[in-house]
Structures are given as C-alpha cells and as structure tokens.
Amino acid sequence: MRPGSIPRLLGLSAALAGVLAAAFTAPAAAEKAPKAAPAAVPAVAAAPASFTHPGVNLNTAQLDFVRGKVQAGAQPWKAAYDQMMASKYASLTRTAKPRAIVECGSYSNPNNGCTDEREDAIAAYTTALAWYITRDDRYAQKSIQLMDAWSNSIQDHTNSNAPLQTGWAGSSWPKAAEIIKHVYGNWPNAGRFSTMLRNVYLPEIINGSNSNGNWELTMMEAAVSISVFLDDKASWDKAIGKYLVRVPAYIYLASDGDLPRTVPSQNLNTRDKIVGYWQGQGTFMTGLTQETCRDFVHTGYGISSVSHVYETARIQGQDLFPQVGERLRQALGFQSKYEVQAEPVPSNLCGGSVQRGLGPITEVGFNALNTRLGYAMTNTQRLTEQQRPSGTNNLFVAWETLTNASNPN
C-alpha cells in the first residue's frame, strides 16, 4: 500500500493519517540483514464526533459501580477504598507545592519539583475519587485547590526527563479534572486549568519520543487523556496514531516475523540495532516487550499505559482490540508468568534471569480482557489477585483495584 493512499481509503483526519502513513514506510536497510516488519496498523476511526465525559480511564457507569460496591462493603473494593483513604494522597490537610519551572534530570537528578508535581496530581485524582464515593464536598474542594495551585504557577518542564515527567503528571491531572468538571461542577478556574494542559503539557508530549518505549507510551497516555478533557480531536488523532505505531513496536508477537516491528523514525534498520534496542535480547517470543530484559518495573510502565489508552479509547467509542488487544493480553501473561514464578526463566530469555517488580499495573488490562471479553488469563489473574488491593506506584498509576476490579461497565 502506498502511504499516500491511506487518507483516501480510510477517510482519516490529516493528523492521524500522517502518522499511520509513516508506519507503512519501512526504513531503508543499511546493510544486508533480516528486516524488521514495519509497524503496520489496521484501520481505526478518527476522533469521536463528541467526547464522553467523564471519560479518562473511567466513565460514569464505572464510577457508580465502584461507589455502590464501597457503600455495600463488598470486597475487594472496600479494602481498596480504605487503602486509598488512609494514604497521604487523600489527606484534607495536604498543601500543594507548585512551582513555575519543574526541572527533572535523569534518575531524578536534579529533582526540582518533580516528585511534588506527580504526587499533587495523584492527590488531585485521589480526592476527586474520594468525593465521588463519599459526596463529601471537602474532597472535591481539595482536588480543586491542588489543580488551581498548579494551573496558577507552572510554566515549563526542563532537563532531560522533561518529556517523561510531563507524561507522568499529565496522565493524572485529566483523571481528576474529568470528575470535578463534569460531575462535581462549580470549578471557577477550570478554564485556566485547560490552558495549562494545552500550553504547558501538550506541546511537551504530543510529538512523541524515540527513547525506550515506556516513554512514548506514557506520553501518549497523557496526550490522549488531555485531548479528552480539552475536546481536542486533532490531538486525539495524533496521539492515537503514535500509540498504534508504538504498541506493535513494544510488544512482540510471533506473527510479526523473525524480528519485532519498529518505529520508522528510530531507524532500527539492522538486526544488530534492533537487538541492542531490545536490551540485547536476540530471541523473540510472543509477549516479550522491548524492556523485559531491562527490568519489569519499566516494562510495567509501558504495559500500564497500553492498558490505559485502550480503556479510554473504549469509553470514547473506539474498539482498539484488533490493533492492540492480543498484544496486551500476551504481554500481561508473559510478564505475569515470570513475576509469579509459575515457570523458571529459560536460558534464552534475558540470559536466564529477569528483574521482577512489575508493579500495580495489571487491573485495567485484566478487567478489559478477562471480565469484559472473557479471555482466560491464568497467570495475570493470579498476579492481579495476589496484589490486591493494588495501590499506587507514586508516578501515574493509582487505586486500580478500587476502580477496575471486576468492573463490567
């Protein structure tokens, strides 16, 4: 297929069509070697005619389900709720720590406002959830207070980790804002918060990243979430387009061929380059991710963002299962198998040893694929139930046993 034929055949917006066209252009081989398959992406509709609100990771029916379970004292939701309410993020005495410039270097050096920003964003989301469940207005007002403090202060993110930091914080802010604006209401500075997301966050993340895959996946999670809050169809199309190129380049399936798919802009045009990018792993097996042999912590970040975008797209009327569903299922199962040590690590996987620590990231994907679609996911289920109630990774994942466990809506 010629790249130029994509808009005509699929009727996509210019933003999404441009990204998908790039995916059909394979990089030229620098030397004779097996080529990685280009990240071919099945057709997907453009942005919805109108966005569903609240609609970032959770919709009204899901929130009502959670509220009902907690009020009934049902498990595991009540234990997850108690865990959330006992955390520092639910504190009504929390004081925001905004700053104009958030400077984040590699390995959090320097850390000038990075932890404060991420944790204030999680706290805004936590108190928004607390308000929805309790209807105690003090929690909504605390969420608003945190969001207002940052929207009145922040101007930029700087240093080497700026894109990732923006993605982490930018994934939590819209989850809080969707609940407050579209359910609680009475938020005089909501417009200023929108301006902050549009002018400070979105430009830092919307063009993606050629770093390790969890970076771009987190950035696209934030961009998709922000696009929903802003009702920004063009940004939605661009972010979903990049996501649909990155996911097949992050999670390997045997059907991809001898080598994983690639992101064309990375110019991974030889086997050696691909193997190097995949942490030196030269044997590819279904469910392996680009960072599996780095460690499971970073792998968990990537899988979490794949799950979050998949869920938000579903809420917005886009079924992305044909594009990413099987990859997500296999990635969860593969990593979970070794996380729970259901099998020994084979010698041809990461030299026979993996660094575990997947984190509290399985609930959203497990619920989407097992509860709703009925896929048996034995190892993922074992890990998910073993970790309940899953809390927060203090970066961008929070309270997903509470919000997503067995949630059919």
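Positions are given from 1, in the same order as the sequence printed here. These numbers come from the heavy atoms of this one structure, side chains and all, not from hydrogens, waters or symmetry mates.
With rounding to the nearest 0.5 angstrom, the CH2 atom of W173 is 14.0 Å from the OG atom of S225. Within the model, atoms OG1 of T384 and CG of N370 stand 8.5 Å from one another, a figure rounded to the nearest 0.5 Å. Here the CD-CG distance, from Q290 to L288, works out to 9.5 Å after rounding to the nearest 0.5 Å. Note that CG of L197 is 9.0 Å distant from OG of S151, once rounded to the nearest 0.5 Å. Considering OG of S194 and CZ of R192, their distance stands at 11.5 Å, rounded to 0.5 Å. Once rounded to the nearest 0.5 Å, the distance linking CD of E400 with OG of S307 reads 8.0 Å.
Counting only heavy atoms from C-beta outward, the side chains of N152 and F193 never approach each other to under 4.5 Å. Between N267 and T262 the shortest side-chain heavy-atom distance does not fall below 4.5 Å. Taking the side chain as every heavy atom from C-beta outward, L217 and V247 approach each other to under 4.5 Å. A 4.5 Å side-chain heavy-atom check between T403 and N57 finds every atom pair outside the cut-off. Side chains of K242 and M219 form no contact here, defined as non-hydrogen atoms less than 4.5 Å apart.
The main-chain N or O of M84 is found under 3.5 Å from a side-chain atom of S87 such that the two form a donor-acceptor pair. With hydrogens and angles disregarded, no donor-acceptor distance shorter than 3.5 Å links the side chain of N212 to the backbone of N214. Between the side chain of T127 and the main chain of A124, a donor-acceptor pair closer than 3.5 Å is present. Without hydrogens or angle criteria, Q335 side chain to A331 main chain gives a donor-acceptor distance under 3.5 Å. When atom types are taken as modelled, the side chain of T289 and the backbone of Y250 share no donor-acceptor pair closer than 3.5 angstrom. Remark: side-chain polar atoms of W150 are not paired, donor with acceptor, to backbone N or O of R99 under 3.5 angstrom. At least one donor-acceptor pair closer than 3.5 Å links the side chain of N367 to the backbone N or O of N407. In this structure, the side chain of R329 does not engage the main chain of L369 through any donor-acceptor pair within 3.5 Å. Judged by distance alone, the side chain of R271 and the main-chain N or O of G282 form a donor-acceptor pair under 3.5 Å. Looking only at distances, a side-chain donor or acceptor of Y252 sits under 3.5 Å from a matching main-chain atom of G257.
Contact detail for P360 and V397: the closest heavy-atom pair is O-CG1, 3.4 Å. Here the shortest heavy-atom pairing between R118 and N394 reads NE-O, 3.8 Å. Closest heavy-atom contact between L320 and A313: CD1-CB, 3.6 Å. When every heavy atom of I122 is checked against every heavy atom of S172, the shortest pair comes out as CG1-OG, 3.8 Å. The two atoms that bring S209 and S211 nearest to each other are OG-N, 3.0 Å, heavy atoms only. Taking both residues in full, the closest heavy atoms of L202 and S235 are given as CD2-OG, 3.4 Å, listed atom of the first, atom of the second, then distance.
A salt bridge between D237 and K233 is absent, with no side-chain N of the basic residue lying under 4.0 Å from a carboxylate O of the acidic one.
Looking at K88, K142, R94 one by one, the single match for salt bridge (charged side-chain N to carboxylate O under 4.0 Å, His left out) with D120 turns out to be R94. Between R327 and the choices D256, V306, I303, the side chain to side chain contact (heavy atoms under 4.5 Å, CB included) rule is met once, by D256.
Residues N111 and T115 bring a donor and an acceptor atom of their side chains to less than 3.5 Å of each other. Judged purely by distance below 3.5 Å, without hydrogens or angles, the side chains of E103 and H157 never pair a donor atom with an acceptor atom. Looking only at atom types and distance, the side chain of H298 has no donor-acceptor partner in the side chain of Q279 under 3.5 Å away. In this structure, a donor-acceptor pair under 3.5 Å is absent between the side chains of T371 and S406. Side-chain contact, N210 with S265: a donor N or O sits under 3.5 Å from an acceptor N or O.
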Mind running side-chain hydrogen bond (donor to acceptor under 3.5 Å, both in side chains) on Q145 and Q141 for me, showing each step along the way? CA-CA 6 Å; Q145 183 185 94; Q141 289 300 314; over 6 Å; no
Derivation of the side chain to side chain contact (heavy atoms under 4.5 Å, CB included) call for I226 and I205: CA-CA 11 Å; I226 289 170; I205 57 179; 4.1 Å; yes
Go through E311 and R372 one step at a time and tell me if the salt bridge (Lys or Arg N to Asp or Glu O under 4.0 Å) criterion holds. CA-CA 11 Å; E311 182 69 359; R372 292 202 193 96; 2.9 Å; yes
Could you go through the side chain to side chain contact (heavy atoms under 4.5 Å, CB included) check for M220 and R246 one step at a time? CA-CA 10 Å; M220 291 310 105; R246 175 60 71 172; over 6 Å; no
Please evaluate residues R198 and D232 with respect to the criterion salt bridge (Lys or Arg N to Asp or Glu O under 4.0 Å), reporting the C-alpha separation (whole Å), side-chain torsions for both, the decisive distance (0.1 Å), and the verdict. CA-CA 10 Å; R198 184 178 299 282; D232 186 338; 3.2 Å; yes
Under the side-chain hydrogen bond (donor to acceptor under 3.5 Å, both in side chains) rule, what do T401 and E363 come out as? Steps first, then yes or no, please. CA-CA 6 Å; T401 295; E363 291 278 15; 2.6 Å; yes
Apply side-chain hydrogen bond (donor to acceptor under 3.5 Å, both in side chains) to the pair Q62 and N409, showing each step before the final yes or no. CA-CA 5 Å; Q62 290 170 294; N409 299 293; over 6 Å; no
Working for ring pair (Phe, Tyr, Trp, His ring centres under 6.0 Å), residues F284 and W278: CA-CA 9 Å; F284 301 100; W278 282 65; 5.6 Å; yes
Go through the steps to decide whether Y301 and W215 satisfy the test side-chain hydrogen bond (donor to acceptor under 3.5 Å, both in side chains), and finish with yes or no. CA-CA 9 Å; Y301 299 163; W215 278 51; over 6 Å; no
Let's go through W399 and Y81 carefully: what are the C-alpha distance in whole Å and the side-chain angles of both, what is the deciding distance for ring pair (Phe, Tyr, Trp, His ring centres under 6.0 Å) to 0.1 Å, and is it a yes or a no? CA-CA 8 Å; W399 324 124; Y81 168 77; over 10 Å; no
Walk me through whether W236 and F51 qualify under ring pair (Phe, Tyr, Trp, His ring centres under 6.0 Å). CA-CA 10 Å; W236 168 278; F51 288 98; 5.6 Å; yes
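Scored by the side-chain hydrogen bond (donor to acceptor under 3.5 Å, both in side chains) test, S153 finds no partners at all (sequence neighbours excluded).
For an aromatic pair to be called close, the ring centres must be under 6.0 Å apart, and H53 with F229 fails this. Taking the centre of each ring, Y310 and Y243 stay at or above the 6.0 Å mark.
By the 6.0 Å contact criterion, NZ on K337 is enclosed, its count of non-hydrogen atoms from other residues, nucleotides or ligands being greater than 12.
For residues 113-149, the ring pair (Phe, Tyr, Trp, His ring centres under 6.0 Å) pairs, not counting sequence neighbours, are W131-Y184.
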